[in-house]
Amino acid sequence: MRYDLVIFDNDGVLVDSEPISNHLLAGYLTELGHPTTYEESVRDYMGSAMHRIHELVEARSGKKLPADFDETFHARVFAAFEAELEAVAGAGDVLKGLAAAGVPYCVASSGSHERIRVGHRKTGLDVHFRDEIVFSAEDVGRGKPAPDLFLYAAERMGVAPERCVVVEDSGLGVQAALAAGMDVYGFTAMTPEAKLAGAKGYFGRMEELPAILEA
């Protein structure tokens, strides 16, 4: 394999959470007086850390979101996850294959540690991720598109950035990986290639990833 570390985004790449999260986010923002459609939520917030949602809403409306916004939103998301979240098709097999081949991997997500763990437990992916290979935007000062999270993950895993490859499904994540000096492949199951500009390549089914990484 050409890389010493595979860094996975989580939402939309390992767990099929983006439709759930963005429907809930659009509804909650609308409820609070910030009319938002599902499509607008995907366009503006997909791949964002929570602080970026706060910043964008305030910049556009001049109003701050409620102090309990994150807590309320996460409670709604976790309840929905328990009811309907599934793993991205093929994700478990890819992780098993990497482990069998001795290829290090980790997850670096804009979501909180709690969100990552809730999703992994519900989908059964938790067996592939011990605590020390799970990284969240909570661990760094700035979320994507800043490179901080990916650089932090690489440092903790003991791998130089140029030897890392990132698997992403959001434009913000692609920007972050490029800023970190890493190769990045865009997962297009939900996101068009045009919104993942700059990626080294693109694929639409997780089963395609092993061959891409080995090419």
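Excluded from the calculations below are hydrogen atoms, water molecules and symmetry mates; all remaining heavy atoms, backbone and side chain alike, are included.
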Trainee: Begin with the C-alpha distance, continue with both residues' side-chain angles, and end with the deciding distance and a verdict on side chain to side chain donor-acceptor pair (under 3.5 Å) for Arg115 and Ser109.
Mentor: CA-CA 10 Å; Arg115 175 179 172 128; Ser109 171; 5.9 Å; no
Trainee: Would you say Thr191's side chain and Asp169's backbone share a donor-acceptor pair under 3.5 angstrom?
Mentor: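 At least one qualifying donor-acceptor pair exists.
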Trainee: Taking ring pair (Phe, Tyr, Trp, His ring centres under 6.0 Å) as the test, write out the residues that go with His120, two or more places apart.
Mentor: Phe129
Trainee: Show me the side-chain donor-acceptor pairs of residues 206-215 shorter than 3.5 Å, one per line, residues at least two apart or across chains.
Mentor:
| residue | atom | partner | partner atom | Å |
| --- | --- | --- | --- | --- |
| Glu208 | OE2 | Gly204 | N | 3.4 |
| Glu208 | OE2 | Arg205 | N | 2.9 |

Trainee: Could you pull out all residues at least two apart from Glu132 that satisfy side-chain hydrogen bond (donor to acceptor under 3.5 Å, both in side chains)?
Mentor: Arg130
Trainee: For residues Thr36 and Leu25, determine if any side-chain heavy atom of one lies less than 4.5 Å from a side-chain heavy atom of the other.
Mentor: no
Trainee: What distance do Ile133 atom CD1 and Met157 atom CE have between them, rounded to the nearest 0.5 Å?
Mentor: 6.0 Å
Trainee: Which pairs pass side-chain hydrogen bond (donor to acceptor under 3.5 Å, both in side chains) with one or both residues in residues 76-96, sequence neighbours excluded?
Mentor: Glu31-Arg76
Trainee: Do the ring planes of Phe78 and His74 sit parallel (below 30°), tilted (30 to 60°) or perpendicular (above 60°)?
Mentor: parallel
Trainee: Return all side-chain donor-acceptor pairs below 3.5 angstrom for residues 180-187, not counting sequence neighbours, or 'none' if the list is empty.
Mentor:
| residue | atom | partner | partner atom | Å |
| --- | --- | --- | --- | --- |
| Asp183 | OD2 | Tyr3 | OH | 2.6 |
| Tyr185 | OH | Arg2 | NH2 | 3.0 |

Trainee: Apply side chain to side chain contact (heavy atoms under 4.5 Å, CB included) to Leu32 and list each qualifying residue two or more places apart in sequence or on a separate chain.
Mentor: Tyr28, His34, Leu65, Pro66, Phe69
Trainee: Quick one: list whatever passes side-chain hydrogen bond (donor to acceptor under 3.5 Å, both in side chains) with Glu40, sequence neighbours left out.
Mentor: Thr37
Trainee: Using a 3.5 Å cut-off and no angle test, enumerate the donor-acceptor pairs between side-chain atoms of residues 137-147 and protein atoms at least two apart in sequence or in another chain.
Mentor:
| residue | atom | partner | partner atom | Å |
| --- | --- | --- | --- | --- |
| Glu138 | OE1 | His113 | N | 3.0 |
| Asp139 | OD1 | His113 | NE2 | 2.9 |
| Asp139 | OD2 | His113 | NE2 | 3.0 |
| Asp139 | OD2 | Ser136 | N | 2.9 |
| Arg142 | NE | Asp148 | OD2 | 3.3 |
| Arg142 | NH2 | Asp148 | OD1 | 2.9 |
| Lys144 | NZ | Asp9 | OD1 | 3.0 |
| Lys144 | NZ | Ala108 | O | 3.2 |
| Lys144 | NZ | Glu168 | OE2 | 2.6 |

Trainee: What's the separation between atom CD1 in Ile7 and atom CG in Leu151, rounded to the nearest 0.5 Å?
Mentor: 8.5 Å
Trainee: Checking Tyr152 now: which residues fulfil side-chain hydrogen bond (donor to acceptor under 3.5 Å, both in side chains) with it, not counting sequence neighbours?
Mentor: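 side-chain hydrogen bond (donor to acceptor under 3.5 Å, both in side chains) list for Tyr152, sorted by chain: Arg156.
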Trainee: Which Ile, Leu, Val, Met, Phe, Trp or Tyr residues join Leu172 in one cluster when any pair of side-chain heavy atoms under 4.5 Å counts as a link?
Mentor: none
Trainee: Which other residues belong to the hydrophobic cluster containing Val127, where Ile, Leu, Val, Met, Phe, Trp and Tyr are joined when side-chain heavy atoms lie under 4.5 Å apart, directly or via other members?
Mentor: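 Its cluster partners, ordered by chain and number, are none at all.
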Trainee: Who pairs with Tyr202 by ring pair (Phe, Tyr, Trp, His ring centres under 6.0 Å), at least two apart in sequence or on another chain?
Mentor: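 With neighbours one apart ignored, the set is empty.
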